[in-house]
Amino acid sequence: MNNQEIPTDNNDNSLQTILRAIRLSQGQLSLIFLRCNYAKLRQQIAAQLKEVSSIPIQEITLSESIKSLYNQISQELGNEQPQALIISGLDSVKNIDSILSLSNQIREEFRKNFPFPILIWIDDQILKKIIRVAPDLENWGSIIDFENDTDDLIDFLQETTAEIFTNDVIPSPQVYKEIESASQDLQNRGEDITPEIQAGLEFAFGLREYQQDHLDDALIYYQRSLEFWQTHNNLERHGILLVKISLVYTRKAEISNTENQETWQNARDNLQQALGIFEQAERLDLVIEYINRLGEILRHLKAWNDLESLAKKSLKLYENISSINVVTIHELSLQQIRLGRNYGFLAEVAFKNQEWERGKQYIQQALNILMNIPNLPSQEYGLYRLFLALSQIFLGEISAAIKTLETARNESHPQYNPKLYIDILEQLNLLYFQEKQYLKAFEIKQKRLQIKQQYGFTAFIGASYLNPQRKVIKSENSDIENIGTIAQEISASGREQDVKRLRGRIAGNEHKLTVIHGQSGVGKSSILQGGLIPALQQEPIGERDALPILLRVYTNWVENLGQNLKIETNEYSRDTIIQQLRKNETRNLLTVLIFDQFEEFFFVYTDQKQRRQFYDFLRICLDIPFVKIVLSLREDYLHYLLELDRLVNLTVTNNNILDKNIRYYLGNFSPADAKAVIKSLTAKINFYLQPELIDELVKDLAGDIGEVRPIELQIVGTQLQSEQIKTLEKYQEFGKEKLVEKFLEDVIKDCGAENEQTARLVLYLLTDENGTRPLKTRAELVEQLAAGIKNLDLVLNIFVASGLVLLLPESPADRYQLVHDYLVEFIRQQQEPKLKEVLEELERERKQRKLAEEELQQALERELKREKKQRQQAEEELKKAEEAKRILAEANKKATQRIRIGSGVLFIAIVLVGIATVLVIQTYHVRNIIYL
């Protein structure tokens, strides 16, 4: 380090050194690292610096989430060029190694664009990282030290540890660093730390280890601190240490997820002793604060009589609540929550005694108290709604119980209390099944299993997708972030290497597009959801945060993508999505669009024009910087992607989408990987299997192909756990075949008793006598089933969701297929005896149906012939009638003509007669005249 200056007298010399460096560095870059481990001292020095410096100094405070020191400075300054700049917050930045490494790589950019002195506050830890990760920056810079004097260090330690005890404060990481620095500085100066301060430090360090779930280390620190306060008769601190030790045992029991009575008993003993000490010290407020924790422990120990006595004692304490100084709304809310919890305890005791109405009344009292608490988080109601539902069930109020449990599920969050959430789902599953809502019941069952896997309550998950591992969030454990981590199944199996490779492809510049392919059941969806996505979320890629977006449903892919990208619009379109992706680029994000089970896209959109819209969208996305695409599909559908090459010019793939550099193959487990998975997962929940059992199981699963399909491992593993099979001897009583058979039976039962026969028939019809798995459409299944069979869709939906049957989307009709060949023999052997009569009846019915169809066809043909003959006769008669009608018409016509002619002759005759008569009369008159 050049020009390193270490002050020996006091901080004034260091301050003068800074002022001189600022004056001499005008117009050029000068890096000055201000080493100081204490925030309060930094503030004092910064204030003095501003006061005495004749040159204005601009300040920048870095946020925890920055990705680049250079970019952050540039954004903060804009076009402005300060005469000097001081930067704080570097020691609080996440991913500090990446930031320092990047700064080291682009250090010339600092020299070219920042021609002024830059002062950066650092502590000892950051200095070590700079030396290791950014050695060139270290050579460019100089260090100026600031230190507290001895008295200030002692006062700091005394005040900080006292505050932790008195106010139950959880120190920040920065405070912990300062505590360690102060301790180290005192030790370096040869100063002895008093036993009282040391006991306070042990307490603080124990609290930190507890926050990070390092529970054995926490116990060691707490025990050391406890010894001091015991011998010095400090009742309050003695009691608080016992409370903290009880919390460690409680946490141990929660994490183990087993009914570890000894651990719970240790938690009880320490907490009971603490409450006794608080009573002795007349600290009623501390008794009320911690007494409910003892109630929770008694629940786990199922000490119902003790729990009832404790709850009644606690309620009496609240009668003296006026003697407790309540100064904030928050404190009052906490007291009301604790009061309500006591009624919850009494209700649970009543339920254990089968006093359902009484228990229901207690729960209503608890809920009434909670509902009057402003801004109470919804998850606080979960346990009480579960208890209310239990009382409603036993009182016969089933519909009300279902509504109560649905409300409890919607209000609760598994990350705060996964055990409670699992219990709510279990009761809801039972009620849905009881009410014959089988599909809902099955969906809840699957959800429950996934939550159990995520939070470490089960070793195996059956045929469901793996999810990222999560830790429980507690108010006492707020430092534990709830970002998902890679599923243990993936880490243990060697698949973590696949995750690293896939993450590397996304992080690099070479692969804009990755196509993941493999057989059905190898775990493609699981490695994406339980591996790649949490790996992308855990740490940034370069300067950017990765934003993985997962899509599995393609019926409306535009809207689904828009919602997942959280676009602020009511109408989603390709254009708005593309605009958002470009915005993500400017927001320092790397967007990763993951299209899982992509084969389904081709069957949702049978029209090539519709598919082309997606292809064009894909082409545009691949041309947007910092957007990566992952397609995942079964390898027997890979050839569908060739249409992309034909219809769209994908320059990033050189129009060869199936190039080996684009494809990423995912296969089955090797036997060694399968053994590692089994050992890791079973150890996680203390479900230990004999090594001989594991060897035999993997041998059976690998079979002739020498590989283990992940889905089969999970299915058989689930049965091992449910049957508590831990030894080779017990496994041999069952064997893989019986365990698979039990899996089949469980899925059949999930369909409901009245649908059992349909379920068995469907499974049987998805096999054939040749030992293969024929593909069947729904229409073909209907044709082969007996008339009157109901709920076929329900059975098929449950089979597909269970992983037992594959749904193959195809045009013009979807087809169904058993998941694997090895199931065929099991099903035919298992189902043929049970379905013998049914199959014979089906065969008789088919013959009867065929005979009836033949007779119907013959009758139809006879009827058609008769109708044809009748039609011919009718046509002939119609012709005759028409001919007669024609003749009659012709006759009428002739008659009419005759009549017309006769009428004319008659008229002429009459006229002639008239004329003749006139002539006769005229002649007569003439004759008379002549005569006269």
Side-chain angles (χ1 to χ4, degrees), residues 36-44 123 147-189 191-212 217-248 270-271 273-275 277-290 293 324-328 330-331 334 475-479:
C36 178
N37 293 317
Y38 308 102
K40 186 176 180 180
L41 180 58
R42 288 185 188 183
Q43 294 169 0
Q44 293 171 352
D123 58 22
E147 296 179 347
N148 272 322
D149 61 33
T150 300
D151 289 342
D152 288 338
L153 293 176
I154 293 173
D155 290 344
F156 166 73
L157 291 177
Q158 204 159 20
E159 291 170 3
T160 303
T161 54
E163 185 182 13
I164 296 172
F165 266 118
T166 305
N167 299 325
D168 198 19
V169 172
I170 298 175
S172 66
Q174 178 61 34
V175 171
Y176 274 119
K177 285 202 294 186
E178 293 190 20
I179 289 173
E180 289 179 329
S181 296
S183 301
Q184 187 63 48
D185 286 346
L186 288 172
Q187 183 178 342
N188 292 340
R189 297 175 191 180
E191 294 288 339
D192 292 330
I193 296 177
T194 66
E196 182 178 352
I197 293 178
Q198 187 61 45
L201 292 176
E202 302 284 4
F203 176 71
F205 293 145
L207 186 59
R208 179 177 62 182
E209 298 305 313
Y210 172 73
Q211 298 293 311
Q212 298 173 354
D217 291 336
L219 275 178
I220 292 171
Y221 281 117
Y222 283 155
Q223 291 289 355
R224 289 175 185 166
S225 183
L226 178 65
E227 290 173 5
F228 176 83
W229 304 115
Q230 277 180 313
T231 57
H232 287 74
N233 201 32
N234 189 317
L235 293 178
E236 181 182 329
R237 295 194 177 185
H238 182 188
I240 289 174
L241 258 301
L242 289 171
V243 168
K244 298 302 182 184
I245 291 172
S246 173
L247 288 175
V248 172
N270 281 280
L271 191 50
Q273 188 179 349
L275 293 175
I277 290 173
F278 292 147
E279 289 176 354
Q280 183 182 346
E282 298 182 351
R283 289 296 305 270
L284 182 61
D285 57 326
L286 293 178
V287 174
I288 288 179
E289 182 175 350
Y290 296 115
R293 294 182 187 272
I324 299 175
N325 185 25
V326 178
V327 295
T328 67
H330 175 68
E331 290 176 349
L334 284 178
S475 58
E476 300 88 359
N477 287 46
S478 55
D479 283 356

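In this chain, numbering begins with 1 at the start of the sequence shown. If you're wondering where the values come from, they're calculated on a predicted model, not measured in any experiment. These numbers come from the heavy atoms of this one structure, side chains and all, not from hydrogens, waters or symmetry mates.
- Counting heavy atoms from C-beta on, the side chains of Tyr210 and Leu247 come closer than 4.5 Å.
- For the atom pair Asp151 CG and Phe156 CZ, the distance stands at 15.0 Å (nearest 0.5 Å).
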Inset, instruction - Please report the C-alpha distance between Leu201 and Ser183 in whole Å, then the side-chain angles of each, then the deciding distance to 0.1 Å, and finally whether the side chain to side chain contact (heavy atoms under 4.5 Å, CB included) criterion is met. - result: CA-CA 9 Å; Leu201 292 176; Ser183 301; 3.5 Å; yes
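- Residues Thr160 and Pro171 form no side-chain contact, since every pair of their non-hydrogen atoms from C-beta on lies 4.5 Å or further apart.
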Legend entry - Lys177 vs Tyr38, side chain to side chain contact (heavy atoms under 4.5 Å, CB included): CA-CA, chis, key distance, verdict: CA-CA 9 Å; Lys177 285 202 294 186; Tyr38 308 102; over 6 Å; no
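- With respect to the salt-bridge test (charged N to carboxylate O, under 4.0 angstrom), the residues Lys244 and Asp168 qualify.
- Of all non-hydrogen atoms in Ala274 and Gly239, the two that sit nearest each other are CB-O, 3.4 Å.
- Contact check for Leu153 versus Arg189: side-chain heavy atoms found under the 4.5 Å cut-off.
- Considering all non-hydrogen atoms of both residues, Ile170 and Leu207 come closest at CA-CD2, 4.4 Å.
- Side-chain atoms of Tyr221 and Phe203, non-hydrogen and from C-beta on, never get closer than 4.5 Å to each other.
- Between atom CG of residue Leu186 and atom CD of residue Gln184 there is a gap of 9.5 Å, rounded to the nearest 0.5 Å.
- Separation of atoms SG (Cys36) and CD (Glu178) is listed at 8.0 Å; rounding is to 0.5 Å.
- Remark: side-chain polar atoms of Thr166 are not paired, donor with acceptor, to backbone N or O of Glu163 under 3.5 angstrom.
- Judged by distance alone, with hydrogens and angles left aside, the side-chain atoms of Glu279 form no donor-acceptor pair with the main-chain N or O of Val287 at under 3.5 Å.
- The two residues Phe278 and Glu236 come nearest to each other via the heavy atoms CE2-O, 3.7 Å.
- Atoms CZ and CD1, from Arg283 and Ile288 in turn, are 11.5 Å apart once rounded to the nearest 0.5 Å.
- Shown here for Gly206 and Ala218, the closest heavy-atom pair between the two residues is O-CB, 3.5 Å.
- Separation of atoms OG1 (Thr161) and CZ (Phe165) is listed at 7.5 Å; rounding is to 0.5 Å.
- When side chains are defined from C-beta on, Glu147 does not count as touching Asp185, because their heavy atoms never get closer than 4.5 Å.
- The shortest non-hydrogen separation linking Gln174 to Asn37 is NE2-O, 4.0 Å.
- The structure places CD1 of Ile193 at 11.5 Å from CD of Gln158, a figure rounded to the nearest 0.5 Å.
- Using modelled atom types and a 3.5 Å distance limit, the side chains of Asn270 and Tyr222 yield no donor-acceptor pair.
- There is no side-chain donor-acceptor pair under 3.5 Å between Ser246 and Arg293.
- Considering all non-hydrogen atoms of both residues, Leu219 and Ile245 come closest at CD2-CG2, 3.8 Å.
- Under a 3.5 Å cut-off, the side chain of Tyr176 and the backbone N or O of Ala204 do form a donor-acceptor pair.
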Legend entry - Verdict with reasoning, Asp217 to Arg208, per salt bridge (charged side-chain N to carboxylate O under 4.0 Å, His left out): CA-CA 10 Å; Asp217 291 336; Arg208 179 177 62 182; over 6 Å; no
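- If you check the side chains of Glu227 and Gln223, you find no donor sitting under 3.5 Å from an acceptor.
- The side-chain heavy atoms of Leu271 and Leu242, taken from C-beta on, include no pair separated by under 4.5 Å.
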